[in-house]
Amino acid sequence: MTNRAWDGTSYDRISAPMEVMGLKVLERLELRGDETVVDAGCGSGRVTQALIAQLPDGHVVGVDGSADMIEAARTRLGPQSDLRVQDLLQLDVADVGPVDAILSTATFHWISDHDALFRALRAQLKPGGVLVAQCGGAGNMSHVHAAAHAVGEMPPFAQYLDGWDDPTNFYGPEETEERLLAAGFSDARCWLVPQPVRPPDPVEYLSTIVLGAFLQRMPQELRRPFVESTIAGLGEPVTLDYVRLNIDATA
Ligand SMILES: C[S@@+](CC[C@H](N)C(=O)[O-])C[C@H]1O[C@@H](n2cnc3c(N)ncnc32)[C@H](O)[C@@H]1O
């Protein structure tokens with residue numbers, strides 16, 4: 001399942017920068033309007049909502065490993081929406097599949113085994129179906145993560161982070177293309193794009209999205225001081241050095 005907890009309500013409130021990036025990915029997905037599409041790691045459903053709007057005669061399945069995110073997505077998208085709590089490594093939408101396309105934004109870097117992930121996604125696509133995705137790629141957040149680790153080496157935080165490494169997986173384009181082909185995709189193209197973001201509310205943004213995996217290791221009263229110390233190390237204006245790995249692949 002997910003390797004960290006998510007607060008779906010907070011994510012929905014502050015994830016406008018993620019939505020902007022996600023909608024650029026959705027633009028790459030060519031749709032007639034009657035396809036069946038999975039949003040893999042749909043979160044609170046902001047990008048899913050735009051996907052649904054493009055499929056008046058189609059069907060969208062939003063899948064996420066976090067029940068809290070799926071609950072937030074149901075609030076946003078309504079009770080009739082097809083939203084499922086599922087681990088993408090065990091993705092199974094056979095009741096509506098095989099599907100025409102899988103869209104995924106800002107999710108794959110939270111999953112460590114990309115070989116298994118791509119095999120699981122490939123298995124749900126019809127021949128000729130497409131995977132259009134984006135996630136953190138090589139170099140993503142290196143500045144932010146260096147600041148967080150520097151703070152994490154100091155007391156009182158060090159005792160909670162000692163020996164722990166941040167569970168993100170930021171891969172490069174070539175190795176990802178190789179993995180996709182090995183997983184059974186017939187064609188794969190991947191590329192990196194730097195996308196710096198200035199979050200409107202840096203404390204909530206870093207707490208909910210970027211530093212969540214650090215914070216869940218420490219007691220509640222240390223979480224805000226950890227985030228504020230990390231932000232102090234970033235300088236002004238607070239800029240997050242996102243680097244996105246884009247994926248276009250055909251089954
Ligand atoms: C940063 S959010 C992205 C949400 C949305 N796609 C967007 O662009 O705003 C990452 C999502 O990936 C989900 N996730 C992480 N690992 C997962 C897994 N193994 N299976 C299913 N979902 C997973 C998390 O629960 C979270 O909702």
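As the structure lists them, so they are numbered: ligands from 1, and atoms in each ligand from 1.
In this model, no donor atom of one side chain and acceptor atom of the other lie less than 3.5 Å apart for H114 and N169. No side-chain donor from either of T208 and D7 sits under 3.5 Å from a side-chain acceptor of the other.
Under a 4.0 Å criterion applied to the non-hydrogen atoms of G65, ligand 1 contributes the atoms 21 (C), 22 (N), 23 (C). Each of the following atoms of ligand 1 lies closer than 4.0 Å to a heavy atom of S66: 25 (O). Listed by number with element, the atoms of ligand 1 under 4.0 Å from a non-hydrogen atom of T105 are 3 (C), 5 (C), 6 (N), 7 (C), 8 (O). For ligand 1, the atoms sitting less than 4.0 Å from at least one non-hydrogen atom of G43 are 4 (C), 27 (O), numbered in the order shown with element in parentheses. Within ligand 1, counting atoms from 1 as listed, the ones closer than 4.0 Å to a heavy atom of Q86 are 20 (N), 21 (C).
Comparing heavy-atom distances from atom 10 (C) of ligand 1 across G41, A106, A120 singles out A106 as nearest. The option with the heavy atom closest to atom 13 (C) of ligand 1, from among V47, V25, D64, is D64.
Within a 6.0 Å sphere centred on CD of E71, heavy atoms belonging to other residues, nucleotides or ligands number 12 at most. In this structure, R28 places its CZ atom where more than 12 heavy-atom neighbours from other residues, nucleotides or ligands lie under 6.0 Å away. For E221, the CD atom sits in a packed shell: over 12 heavy atoms of surrounding residues, nucleotides or ligands are nearer than 6.0 Å.
In summary, of the residues considered (V38, V130, L51), a side-chain contact (heavy atoms from CB on, under 4.5 Å) with L103 occurs for L51 alone.
Using 4.0 Å as the threshold, D87 has a heavy atom nearer than that to some atom of ligand 1. Residue contact check for ligand 1: R46 places no non-hydrogen atom closer than 4.0 Å to it.
Remark: ligand 1 and L89 share no N or O pair separated by less than 3.5 Å (distance only, no angle test).
Ring geometry, F170 versus H109: the interplanar angle falls from 30° to 60°, so the pair is classed tilted.
The residue M21 has no part lying near ligand 1, judged by heavy-atom distances below 4.0 Å. Only the side chain of I111 comes within 4.0 Å of ligand 1, judged by heavy-atom distances. Only the backbone of C42 comes within contact range of ligand 1, with a heavy atom under 4.0 Å; no side-chain atom does.
Proximity of I247 to L180: side-chain heavy atoms (C-beta onward) are separated by under 4.5 Å at one or more points.
Between H149 and F214, a ring centre-to-centre spacing shorter than 6.0 Å is recorded.
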